[in-house]
A.B. asks: 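Pasting in a structure now, in structure tokens, and then I'll have a few things to ask.
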Amino acid sequence: MSKNSVTSENIVLVLEDSRTQARIVGALFERCGLKVEFAFTLDETFYALRRRSYYLILLDVFVNDENVLDHMGALQKLAAGTPIAVMTAGQRGKPTAASHAFNAARRACVDYLLPKPFDYKDIMQICGEIEDGRRHRKPMRRVLIIDDDAYTRAFVRDIIEEAGFYAAESASVEEAIMRLDITRIDAVVIDIVMPGIGGMTGIKIIKATWPQVPIIAMTGYVKDTDHLEKSLLNGAHHALPKPFGKLQLTGVLEGCLTAADQASDAEAITHDGEDDDPLYL
């Protein structure tokens, strides 16, 4: 970020009830050329979001004994598309310490997760993704690739990135779930037969973590069609036998994303048609 004049385009709103922590976080963003506004309560956050738009909204999960995730729907509505990051004392070496909070954040579709302590490089990574989204005039679609074979991951990643998506990859379901940097996901491409939890159980876990996200299952065990059929029964939206080509994967991926968008739009219309305060006769 260049240090230009201050506008809503380069202001970060930080909700943190510890003033000491707030100053530390603020200094990291200022190193990126951003200005920071602080809120120390949820009420101050709601007030700030009604006043102006922001470059990024950074929220601590627990503020003054309140769980901010309980208010995420209202915050996202006021944010109006502004990226939201959630931070909490997650201990990078012990990610299970904050797993419940982070999985709740994933289900709430926040854009970024930041386990404390985080550093300048973490902030720069988020800012870089935001800038990429701005260049595309919308947030980049994120596709998670899960496969124990490094060659397959690289092959799929190249196709996905060439198609204009952001690719995150993991060698196992366990790694994908434990990685705190994997948060908002728009689609998952997963191998069915893998060591550990494996793809079949992995599909169920992914459905529980990201309920609305389309899942594309893939396998090289094409002689056993039960694998493909069972993956669909477990919740996959499409099953691809290996090997597959670029056009086949991108066609399936774009079709799944289009269907997910249509389902999301239909759900939004349904909710918009509902009265917030129903009348009782």
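Model, not experiment: these values are computed from the prediction.
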A.B. asks: Quick one: does any side-chain atom of D147 pair with a main-chain N or O of A154 as donor and acceptor, under 3.5 Å?
C.D. replies: no
A.B. asks: Does any N or O in the side chain of D111 come within less than 3.5 Å of the main-chain N or O of I84, such that one atom is a donor and the other an acceptor?
C.D. replies: yes
A.B. asks: Hey, what do you get for CD1 (I160) to CD (E162), rounding to the nearest 0.5 Å?
C.D. replies: 11.5 Å
A.B. asks: Looking at M194, is its backbone amide N or carbonyl O close enough to the side chain of D148 to form a donor-acceptor pair, meaning the two atoms are under 3.5 Å apart?
C.D. replies: no
A.B. asks: So, do D191 and D149 sit near enough that their side-chain heavy atoms are less than 4.5 Å apart?
C.D. replies: no
A.B. asks: Counting heavy atoms not belonging to R19, are there more than 12 under 6.0 Å from its CZ?
C.D. replies: no
A.B. asks: If you measure from CG on L58 to OG1 on T45, what distance do you get to the nearest 0.5 Å?
C.D. replies: 10.5 Å
A.B. asks: If you round to the nearest 0.5 Å, how far is CG of L233 from CD1 of I203?
C.D. replies: 10.0 Å
A.B. asks: Considering only heavy atoms from C-beta outward, does the side chain of I57 approach that of L15 to under 4.5 Å?
C.D. replies: no
A.B. asks: So how far is it from L42 CG to D17 CG, rounded to the nearest 0.5 Å?
C.D. replies: 9.5 Å
A.B. asks: Backbone N or O of R142 within a donor-acceptor pair of the D186 side chain at under 3.5 Å?
C.D. replies: yes
A.B. asks: Check the angle between the aromatic planes of F155 and F244 and answer parallel, tilted or perpendicular using the 30° and 60° thresholds.
C.D. replies: tilted
A.B. asks: Check whether any side-chain heavy atom of L59 lies under 4.5 Å from a side-chain heavy atom of M72, and answer yes or no.
C.D. replies: yes
A.B. asks: Roughly how far, to the nearest 0.5 Å, is the CD1 atom of I215 from the CG atom of L232?
C.D. replies: 10.5 Å
